[in-house]
Amino acid sequence: MIEFKNNLKKQIHELLDSEYPLESIKLEINYTPQMKLGDLALPFPFQLAKIMHRSPRDIAAEIAPKLIALEGINKVDIAGGGFINLYINRDKFFQQKLQTTVKSSLTSEENKIIVEHTSINPNKAAHIGHLRNSCLGDTLARCLKYKGENVEIQNYIDDTGVQVADVVFGFMEIEPKTLEEVKSIPEKFDFYCWDLYTRVADYIEHHPGSKEKKSKILKNIEEGTGVEAKLAQHISQRILKAHLKTMQRLDISYDLQACESSIIRLEFWKLAFQLLKEKKATYFIEEGANKGCWVMKLEDESQQEKILVRSNGIVTYVGKDIAYQLWKFGLLKKDFFYKPFVKQGKKTIWITSSKKTTNFPEFGQGSCVYNIIDIRQSYPQKIVIQGLRSLKFVEQAEKSTHFSYEMVALSPKSLEELDVNVSEADRDKDFLEISGRKGLGVKADDLLDKLDEKALVEVEKRNPNLSVEKKRRIAQKIACGSVRYFMLKFARSSIIIFDFEDALSFEGETGPYLQYTFVRINSIFRKLEENFGFNQTDLQSLIKSSDIRLEVLPESEYSDFWEIILYVSKLDEEVLHSLNSLEFLHLAKYTFELCQKFNAYYHKYSILSEKNRDIKNIRILTIHFVRNTLKTALDLIGIPRPERM
RNA sequence: GCGCCUGUAGCUCAGUGGAUAGAGUGUCGGUCUCCGGAACCGAAGGCCGCAGGUUCGAAUCCUGCCAGGCGCGCCA
């Protein structure tokens with residue numbers, strides 16, 4: 001549809017430029033609110049009215065007859081206060097749709113795009129808040145790839161931070177366990193750490209001297225020395241592997257795991273610090289509260305200066321993040337070493353290393369970077385981007401995007417079901433923030449297990465004869481689709497107040513509804529082959545044949561047919577719209593609406609039992625287009641397509 | 001205190017300055033000799049937080065107010 005509209009715009013300019021000041025307005029082509037008003041709407045007479053000091057209706061009436069010359073349009077109307085509505089030549093449009101094989105009319109704009117998402121602290125199991133991040137990030141990456149971009153997906157691992165130190169503290173002081181004993185803890189290790197982590201804060205508070213012990217642990221972890229560093233390494237890597245497995249259940253994968261420990265050991269910060277000092281982007285504080293610190297002044301005057309290096313000489317998190325961002329753009333004159341981390345089928349996921357390795361692919365060197373991090377990190381993200389600008393990397397600063405989104409919170413009801421203790425103060429709130437530290441949260445694997453189980457019951461009901469293994473696989477796909485749609489259906493600025501009933505639903509606006517629709521279409525094609533011997537070859541020759549006569553359709557069916565064909569054609573526009581706004585709910589809701597339209601059509605028009613061959617063929621072609629588009633859309637939002645369910 | 005975000009149907013949420021503000025869910029009523037009922041059709045349900053302003057046109061933009069949330073660490 002993008003191409004069709006662009007072509008129309010070009011023609012409109014050719015027809016009208018000499019008589020009307022079109023160059024001073026934005027020529028938009030919208031859709032009419034109702035099909036009886038036509039297919040496309042031109043609101044530009046309203047804009048012209050202002051410039052030409054005439055009524056929009058008059059201008060529209062004057063221009064409309066001239067537009068009948070537009071190729072692909074066979075009727076032009078004026079409507080409302082001055083809209084020009086266009087009626088597409090349906091037969092021609094459909095014929096063209098039959099013949100075009102071009103997949104996407106979108107084109108790439110970047111050399112390489114780096115998408116960082118997930119980035120969970122490797123000290124506990126992943127929870128539903130993390131799932132929102134990963135689902136958004138993965139969908140972004142899929143859409144960018146569809147657009148033709150070269151995309152590298154990175155997952156940042158803070159394997160030397162206080163959160164890992166907390167769990168190390170737990171193993172050393174609370175449990176206590178040796179490295180060997182920790183290694184022999186059976187699965188699920190991430191769940192084990194989840195519980196341990198919640199005990200640490202409480203323990204430290206009630207045991208004097210704990211804070212000093214934790215500081216020492218943190219120092220050893222950062223410096224890579226002692227048993228603390230070995231424990232941290234083991235814990236973080238094992239939990240990272242658990243996270244990757246969880247994400248694999250959602251069909252989410254990565255190219256690179258970028259570790260903070262590598263950034264520290266390779267002294268990325270030193271180079272970044274040097275740059276910042278050279279460009280006078282950071283300066284030393286001699287007096288006052290921040291005496292002895294290196295800080296960065298914020299462009300926003302009202303905000304105070306941000307500390308990059310503490311008075312004790314240790315760099316802050318934001319400082320390290322600036323170094324990492326510089327590396328992503330290839331602006332740091334240093335690179336990581338890399339080694340293979342895990343294999344997923346044929347794919348290898350790599351991890352950074354500070355020790356010399358050889359034979360690795362190229363990472364980093366992006367021309368554009370998306371950081372998917374929740375909105376609470378807006379402030380540090382702003383500083384990172386400003387850091388680039390201060391270093392005169394203006395272009396890179398503009399190509400740095402903080403893809404932010406609101407948090408996932410827990411409803412009071414969901415907390416009851418989780419059977420956790422809630423403080424008096426928290427009980428009156430509308431929702432509660434997830435807190436790994438307090439153990440308040442729904443673990444991703446627990447949610448997926450529940451969905452697996454529930455889906456399996458449904459699959460069992462409908463497909464008792466399938467093998468257990470097959471049924472299980474289908475149930476897993478349904479669980480995946482369910483979570484992914486759920487995480488996508490809300491706008492980024494909307495707090496998701498998690499509720500089990502909503503999240504576990506398979507009816508209405510849900511992933512399984514979309515999957516069910518796809519399964520239904522496939523089932524029709526299967527029956528066409530079983531009952532009539534109509535196979536893939538027959539379909540292809542039907543597509544190629546020019547013998548499609550739409551006039552055989554009765555009027556009401558003609559209009560229903562057209563509504564679907566027009567809607568199917570909008571996919572590329574929806575993808576672009578989602579990418580431009582970074583709101584993938586547009587694509588999700590488009591896919592949902594496509595399914596709604598198909599299901600309504602399905603109930604109204606039978607394909608298998610239709611006796612009129614011409615009508616039957618048109619119906620087959622119609623659902624063929626729906627199937628193709630739905631397939632692409634589902635792939636883009638990462639919802640698996642089961643054959644049966 | 002300063003900054004950002006949110007307020008739309010009973011509930012959960014969409015809505016790109018454009019035509020009669022839409023979905024899902026829940027409630028009520030229908031469809032079934034049906035290509036898969038995880039479905040479809042219909043009904044009821046709205047001072048789009050409040051008050052001004054800009055505009056041919058405002059749920060959408062601007063200002064003020066009210067209510068709620070999140071940021072503003074030598075935490076990450």
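Side chains are part of it too, since the values below use all heavy atoms of this structure and drop only hydrogens, waters and symmetry mates. Computed from a predicted model, the values in this text were never measured in an experiment. Residue numbers start from 1 in every chain, and the chains themselves are labelled A, B, ... in the order their sequence lines are given, proteins ahead of strands.
Both Asp430(A) and Ile84(A) lie near RNA chain B, and the one whose nearest nucleotide falls closer to the 5' end is Ile84(A).
Atom CZ of Phe486(A) and atom P of U12(B) are 13 Å apart (whole Å). Distance, Ile383(A) CD1 to G3(B) C1': 13 Å, rounded to whole Å. Nucleotide C35(B) holds its P atom 12 Å from the NZ atom of Lys611(A), rounded to whole Å. Computed from coordinates, the His402(A) NE2 to G3(B) P distance equals 20 Å when rounded to whole Å. The interatomic distance linking Ile497(A) (CD1) with G68(B) (C1') rounds to 11 Å, in whole Å. For the pair Glu222(A) CD and A76(B) C1', the interatomic distance rounds to 11 Å; values are reported in whole Å. Whole-Å rounding puts the Leu587(A) CG to U16(B) P distance at 16 Å. As rounded to whole Å, 18 Å separates atom P of A38(B) from atom CD1 of Ile639(A).
For G52(B) and A9(B), the C1' atoms lie 27 Å apart once the distance is rounded to whole Å. Comparing the C1' positions of G10(B) and G53(B) gives a spacing of 34 Å, expressed to the nearest Å. Of the C1' atoms belonging to A14(B) and U31(B), the separation is 28 Å, rounded to the nearest Å. On the C1' atoms, C2(B) is 42 Å away from G45(B), given to the nearest whole Å. Nucleotides G17(B) and A58(B) place their P atoms 14 Å apart, quoted to the nearest Å. Look at the P atom in both C13(B) and G30(B): the space between them is 32 Å, to the nearest Å. The same atom, C1', is picked in G36(B) and in A23(B); the two are 24 Å apart, to the nearest Å. Using P as the reference atom, A59(B) and G15(B) are 16 Å apart when rounded to the nearest Å.
Side-chain nitrogen and oxygen atoms of Tyr513(A) include at least one within less than 4.0 Å of the OP1 or OP2 phosphate oxygen of C40(B). For the pair Arg376(A) and C4(B), the criterion of a side-chain N or O lying under 4.0 Å from OP1 or OP2 is not met. Within the 4.0 Å cut-off from OP1 or OP2 of C75(B), at least one side-chain nitrogen or oxygen of Arg310(A) is found. Between Lys454(A) and A38(B), a side-chain N or O to OP1/OP2 separation shorter than 4.0 Å is absent.
Within the nucleic acid shown, Pro33(A) comes within 4.0 Å of at least one base atom, counting heavy atoms only. Within 4.0 Å of Leu528(A), counting heavy atoms only, lies no atom of the nucleic acid at all. Among the atoms of the strands shown, only primed sugar atoms or phosphate atoms (P, OP1, OP2) are found under 4.0 Å from some heavy atom of Ile495(A). Contacts of Tyr605(A) with the nucleic acid, taken as non-hydrogen atoms under 4.0 Å apart, include base atoms. Among the atoms of the strands shown, only primed sugar atoms or phosphate atoms (P, OP1, OP2) are found under 4.0 Å from some heavy atom of His586(A). Ser311(A) comes within 4.0 angstrom of a nucleotide base, judged by non-hydrogen atoms across all strands. When heavy atoms are screened at a 4.0 angstrom cut-off, Asn580(A) is found touching no nucleic acid atom at all. As judged by a 4.0 angstrom heavy-atom cut-off over every strand, Ala289(A) is placed among the base-contacting residues. At the heavy-atom level, Asp374(A) lies nowhere under 4.0 Å from the strands shown. Among the atoms of the strands shown, none is found under 4.0 Å from any heavy atom of Ile375(A). Within the nucleic acid shown, Val309(A) has no heavy atom closer than 4.0 Å to any nucleic acid atom. Lys291(A) comes within 4.0 angstrom of a base, heavy atoms only. Counting non-hydrogen atoms under 4.0 angstrom, Ala49(A) reaches nothing in the nucleic acid. Phe83(A) comes within contact range of at least one nucleobase, with a heavy-atom separation under 4.0 Å.
Heavy-atom contacts from other residues, nucleotides or ligands closer than 6.0 Å to NZ of Lys438(A) number 12 or fewer.
Using a 4.5 Å heavy-atom cutoff, the side chains of Leu585(A) and Phe490(A) are not in contact. By the 4.5 Å heavy-atom criterion applied to side chains, Leu634(A) and Thr591(A) are counted as neighbours. Looking at Asp39(A) and Leu86(A), their side chains never come closer than 4.5 Å, going by heavy atoms from C-beta outward.
Geometric assessment of Arg492(A) against the ring of Phe403(A) yields a positive cation-pi assignment under the 6.0 Å and 45° thresholds. Both cation-pi conditions hold for Arg627(A) and Phe525(A): the charged atom is under 6.0 angstrom from the six-membered ring centre and inside a 45 degree cone around its axis.
Taking a cutoff of 4.0 Å between a charged side-chain nitrogen and a carboxylate oxygen, Lys570(A) and Glu593(A) do not qualify as a salt bridge. Look at Glu574(A) and Lys589(A) and you find no salt bridge, because none of the NZ, NE, NH1 or NH2 atoms lies under 4.0 Å from a carboxylate O. Taking the charged nitrogens against the carboxylate oxygens, Glu557(A) and Arg619(A) do have a contact shorter than 4.0 Å, which makes a salt bridge.
For residues 496-505 of chain A, every residue pair satisfying the side chain to side chain donor-acceptor pair (under 3.5 Å) rule, not counting sequence neighbours, is listed here: Lys413(A)-Glu501(A).
Each of Phe268(A), Trp269(A), Tyr156(A), Tyr317(A) was evaluated against Tyr324(A); a single residue qualifies, Tyr156(A), per the ring pair (Phe, Tyr, Trp, His ring centres under 6.0 Å) test.
Here the straight-line distance linking atom CD of Glu583(A) with atom CG of Leu136(A) works out to 8.5 Å at 0.5 Å rounding.
For Pro43(A), counting side-chain heavy atoms from C-beta on, the closest listed nucleotide (G18(B), A19(B), A39(B)) is G18(B). Checked against G18(B), G37(B), C35(B), the side chain of Ser523(A) finds its nearest nucleotide in C35(B). The side chain of Lys527(A) sits closest to G36(B) out of C70(B), G36(B), A76(B). Comparing atom distances between the Phe46(A) side chain and each of U16(B), G18(B), U12(B) picks out G18(B) as nearest. Taking every side-chain heavy atom of Arg644(A) into account, G36(B) is the closest of A38(B), G36(B), U16(B).
For RNA chain B, if you chain together Watson-Crick or G-U pairs that step i with j, i+1 with j-1 and so on, the runs of at least three with distances under 3.5 Å are B:1-7 with B:66-72, B:10-13 with B:22-25, B:27-31 with B:39-43, B:49-53 with B:61-65.
Formation of a donor-acceptor pair under 3.5 Å by the Asn371(A) side chain with backbone atoms of His402(A) is not found in this model. Remark: the backbone N or O of Val200(A) is not paired with any side-chain donor or acceptor of Arg437(A) at under 3.5 angstrom.
Judged by distance alone, with hydrogens and angles left aside, Asn599(A) brings no side-chain donor or acceptor close enough to the base of A38(B) to form a pair under 3.5 Å. In terms of polar N and O atoms assigned as donor or acceptor, the side chain of Arg462(A) comes within less than 3.5 Å of the base of A38(B) in a complementary pairing.
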- Protein-to-nucleotide contact annotation, 5' to 3' order, nucleotides 20-29 of chain B [B base; S sugar-phosphate only; - none; under 4.0 Å, heavy atom]: B--SSS----

